[in-house]
Each structure stands twice: as C-alpha cells, then as structure tokens.
Amino acid sequence: MEHLPVEVIGNILSHLKAARDVVIASATCKKWREAWRNHLHTLTFNSNDWPIPHDLSTSTLEIIITQTILQTTGLQNLSVFMDDFDAFSASSVIAWLMYTRDTLCRLHYNVETTPSVNIIEKCGRQKLETLELANNSITGVEPTYQKFPCLKSLSLSDIGISALDLNLLLTACPKLEKLALINPEVVMSDAQPTIELSSSSLKDVFVEGLSLDKFTLQADILEILHLRDCILDFFELIGKGALRVLKIDDASVIHLDIGENTENLEIVDVCNFTIMWPKFYHTISKASMLKKLRLWGVAFDDDDDEVVDLDTISISFPKLSHLSLSYDLKHGAVHHNLQRSSRMENVTILELGWSDINWVVKLIEICPKLKKLIISGVVSEIKTHEECQTLAQFTTSFVQLMRKYLHIEVQFDFE
C-alpha cells in the first residue's frame, strides 16, 4: 500500500460511504492524511451512520463536519443528510457551502437549520452539475444573478416553493436536463394560480405527490415523463414530439394532453390509473415506434363496451415487443375484440394477470415470436375458498398449456 500514488489513495477514500470512515482511514499514515487533504473528492455525512440514541450532540457533530470539510482542498461531491438530529446552526452550514462552492459539482442536502438557510443563495453556482434538496424552502429566486450555468440535474423533495419561484429557478438553469419534484409544497398566488414551467433543455421529468388543478409543462425536447401519486385536473405537455417514455403510476389525471406529436413514443407504462380508453388510445395512436405497452391495474372509465381493442393495437404498434395487461375482464369486452386474424409479430415478452386461462391461450396464439411469459398476481388478496379454487384451476390449466409451448420461458410473479 505504501507504493500507491497519493492520487489513487484519495480516490479510494472517496469511495467510502461514510465520512467518519474516511477520517479513520486517513489516520493510517502521513501519506493517507495528505490524500485526504489534497485528493479527496467525495464526502458523505448521514445521520444513519450514528447509532440511535446518538452518542454525540448536534453541536459536537457540527464541529466534526466543519473540521472534516475544512481540511479538504478540492471537494467535488458533498452529501449531508441529517434527518434525526436537532436543527443545526445556520452559520456552520453556510461555512460548509461557502468553503466548497468553488469546486463542488454535486450537492445532496437535507439539513434543518436555525435560522433557515436559502441554499440557492449560498451554494456554488459555477461548477454545480447536480443539486438534490430535501425538507427546505426556496424563496426569492432571482435568475439575473443566481445563474446555474452547469446544472444538469435538479431534485426537490418536500421543498416549499412558490409556483413563480419554481419557474424562475428553471430559467436560471439553462442546461438542466433532469428534474424531479417529490411531494413539493407549491405555494400559489392570485397572479399565478397554476404551475406553468418552461425549459428548452429538459429531457427527463419526474413528478410525485403533487395535487393541483392545472399543470402546464413546456419542454420542447422532453424524452421521459413520469407522473406518480399525483392528483391533477389538467396536465398539458407542450413539446416538439421528442417524448419517448410516458409513465403514469397511481395517479389521477382527469384531462391528459401530451400533444399530437407522439411518433417517437417507445414506452407507455400505465399502472393503477383510471382512463377512458378511446381517448387515451387517440393520444398514443400515432406512436408507430412503440415497443412497450403496459396497462396494469387499470380501471376503464367508459360508458360503452369498447375497451382495449387488441386488433387495433396490433395494427397501430407494429414494433411492439413487450405487452403487459392486467385488469378485470368482467368489465368491458377486451377479449371479444380479439380476432383470429390478429397478429403481434414482434412481441417477445408477454406479462399477464392470472385471472382467465382462455385469455392467456388466445394471446399466446397471436404472438408467434413469444420468448418469455410472465404471470403475475396478488396472492395476499386471495381470501375466500372460491378464490383459492380459481387459482388452483388456473395453475392446473396453465401447466397443461405450457407443455405445448416448451420453448417459452415462464416466470411467476405473485405477491
């Protein structure tokens, strides 16, 4: 070990998960202490690294973190997550941020302070590429001087911010590609009662836990959109047709508008979502490049019997290779719309619920290139004797069926 270059030692220390392990390891010898001071590029402080109840006070921990950071000279990645400690002194936190602002590229920050600290004002803005903030507030964003010219990834979790400041923050990040909003506390005003975000650089947007009347996102080159656990009356995406991935998970969106240009869509993943199929199909009908379609735990909100028409799907999405379907077949006429002439020539992966063996048989027959079949279900929801018998009958019939298709890999995924 004594022959290792000091730069290599610094890289080794940077890969340790806990900052206290870095301090202990650096005490090995003078060379390792030099590596810590001059070649350490990553430090992580996490409240989970200290046993509960904690064996040191918040003020003592402040001193330890301050001393550790101030002995480095080129820190690039700093993570500070202190959920289980009392509020830290604002002066200490500001000292950490000001000392590292000229070299820091990635900052992950979750610290409660007294008084509160506006991180947007204090953190370095010239080299910062990744910023993850949690359990803080952002106020008074001024994009004319609070510029983040290199920021590519921004994550705001449980952050209090106004709709206006949120849009101004995006304006201050001209190269931002990835945005995550997780349980945001968005403050509305009479002047801006809705969220209207605009970015010419965004490629990936994830929104979770947002409840709102209207959300408008203008992102010309957006490729990935994921909505999870959201309640929205109206969601509108204004773009130029770059969207490749659309995921909706445990969300309620009364009116969904992703534009007419959906030719580049490759993945549509809808889970635990109520949809009007004719309207939703119209939204994605031009996605001739679609490779994966997942409708899982979907409830159909339709007045007539026309639900998912697999004949139409096979024609509209000729490149479809992964199909996942799971919903109650008692409602609607999914299987009645499946004609003998239907062929899904490129489907190699098929994922289905276990409720109807005849449905499984018909789908296998129209997928001549099928390589993998996944049967999923929730066993914990089976409580009555009748439900147990249904599962047993399905299993028996399925075993008999698969003797005919030995070339297909079968996987059971029961929860």
Side-chain angles (χ1 to χ4, degrees), residues 19 42-48 58 62 65 69 75-143 145-187 195 197 199 201-202 204-210 226 228-230:
T42 301
L43 272 178
T44 300
F45 300 91
N46 195 310
S47 56
N48 294 329
T58 300
E62 279 183 31
I65 295 176
I69 292 177
L75 208 59
Q76 298 175 17
N77 312 314
L78 176 62
S79 298
V80 188
F81 290 93
M82 294 294 155
D83 283 333
D84 300 326
F85 281 87
D86 295 332
F88 281 57
S89 167
S91 58
S92 296
V93 173
I94 292 173
W96 310 338
L97 298 175
M98 297 299 288
Y99 183 77
T100 59
R101 64 186 303 167
D102 292 334
T103 59
L104 212 59
C105 295
R106 285 168 286 276
L107 174 62
H108 306 261
Y109 178 89
N110 181 4
V111 182
E112 182 182 353
T113 61
T114 302
S116 61
V117 176
N118 192 337
I119 302 301
I120 298 299
E121 292 182 353
K122 303 301 180 183
C123 65
R125 297 186 287 271
Q126 295 305 314
K127 294 186 177 181
L128 204 62
E129 297 178 3
T130 300
L131 178 59
E132 294 186 11
L133 302 180
N135 298 302
N136 279 267
S137 297
I138 297 175
T139 58
V141 177
E142 181 49 67
Y145 74 92
Q146 290 177 341
K147 289 285 187 181
F148 292 84
C150 298
L151 196 68
K152 294 182 178 180
S153 178
L154 174 64
S155 176
L156 304 178
S157 178
D158 295 292
I159 292 292
I161 189 171
S162 70
L164 177 60
D165 279 338
L166 182 56
N167 196 35
L168 290 175
L169 183 56
L170 294 192
T171 303
C173 307
K175 294 184 179 180
L176 189 66
E177 296 181 358
K178 187 173 183 179
L179 172 66
L181 300 175
I182 304 170
N183 300 317
E185 300 176 13
V186 182
V187 180
I195 291 183
L197 302 182
S199 172
S201 59
L202 272 178
D204 187 340
V205 171
F206 172 70
V207 181
E208 179 179 2
L210 180 64
H226 189 178
R228 177 190 292 171
D229 195 24
C230 294

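Note that the coordinates shown come from a computational prediction; the quantities given were computed from them, not determined experimentally. The analysis underlying the following values was restricted to heavy atoms, covering all of them including side chains, and did not include hydrogens, waters or symmetry mates.
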**Q.** CD-OH distance between E121 and Y145, expressed to the nearest 0.5 angstrom
**A.** 5.0 Å
Q | Side-chain touch P184/L210, heavy atoms, less than 4.5 angstrom | A | yes
(Q) Using side-chain contact (heavy atoms from CB on, under 4.5 Å), reason through L78 and F45 one step at a time and then give a plain yes or no. (A) CA-CA 8 Å; L78 176 62; F45 300 91; 4.1 Å; yes
Q. Any side-chain heavy-atom pair from K152 and K178 closer than 4.5 angstrom?
A. no
Q: Begin from the C-alpha positions of I182 and F206 and carry the test side-chain contact (heavy atoms from CB on, under 4.5 Å) through to its verdict.
A: CA-CA 8 Å; I182 304 170; F206 172 70; 4.0 Å; yes
Q: Give me the one residue out of T42, T130, N77 that meets side-chain hydrogen bond (donor to acceptor under 3.5 Å, both in side chains) with R106.
A: N77
Q.
How close do C150 and Q126 get, counting heavy atoms only, and between which atoms?
A. SG-O, 3.2 Å
Q | Heavy-atom closest contact (A134 atom, N136 atom, distance) | A | O-ND2, 2.6 Å
Q: With sequence neighbours excluded, tell me which residues meet ring-ring contact (aromatic ring centres under 6.0 Å, His included) with H108.
A: none
(Q) To the closest 0.5 Å, what do you measure between CD (Q76) and SG (C105)? (A) 5.0 Å
Q: Provide the closest heavy-atom pair for I120 versus Q146 in the form atom of the first, atom of the second, distance.
A: CG2-OE1, 3.8 Å
(Q) Just verifying a value: how many Å separate L176 CG and L131 CG, rounded to the nearest 0.5 Å? (A) 10.0 Å
Q | Single hit among L169, L170, T171 for side-chain contact (heavy atoms from CB on, under 4.5 Å) with L197 | A | L170
(Q) I need the C123 SG to L151 CG distance, nearest 0.5 Å. (A) 8.5 Å
Q.
Minimum heavy-atom separation for I69 and Y99, please, with both atom names.
A. O-CE2, 3.3 Å
Q.
Let's go through D83 and N110 carefully: what are the C-alpha distance in whole Å and the side-chain angles of both, what is the deciding distance for side-chain contact (heavy atoms from CB on, under 4.5 Å) to 0.1 Å, and is it a yes or a no?
A. CA-CA 7 Å; D83 283 333; N110 181 4; 2.7 Å; yes
**Q.** Check: L107 and T100 side chains under 4.5 Å, non-hydrogen atoms
**A.** no
Using a 3.5 Å cut-off and no angle test, enumerate the donor-acceptor pairs between side-chain atoms of residues 86-94 and protein atoms at least two apart in sequence or in another chain.
from: S89; atom 1: OG; to: S91; atom 2: N; distance (Å): 3.4
from: S89; atom 1: OG; to: S91; atom 2: OG; distance (Å): 2.7
from: S92; atom 1: OG; to: E62; atom 2: OE1; distance (Å): 2.8

Q | Point-to-point distance, once rounded to the nearest 0.5 Å, from NZ of K127 to CG of L104 | A | 10.5 Å
Q: Calculate, to the nearest 0.5 Å, the distance between atoms CD and CG belonging to E142 and L168 respectively.
A: 7.5 Å
Q. Between I138 and L133, does a side-chain contact (heavy atoms from CB on, under 4.5 Å) hold up when you go through it step by step?
A. CA-CA 10 Å; I138 297 175; L133 302 180; 4.0 Å; yes
Check: residues 153-164 side-chain donor-acceptor pairs under 3.5 Å, at least two apart:
from: S162; atom 1: OG; to: D165; atom 2: N; distance (Å): 3.0
from: S162; atom 1: OG; to: D165; atom 2: OD2; distance (Å): 3.3

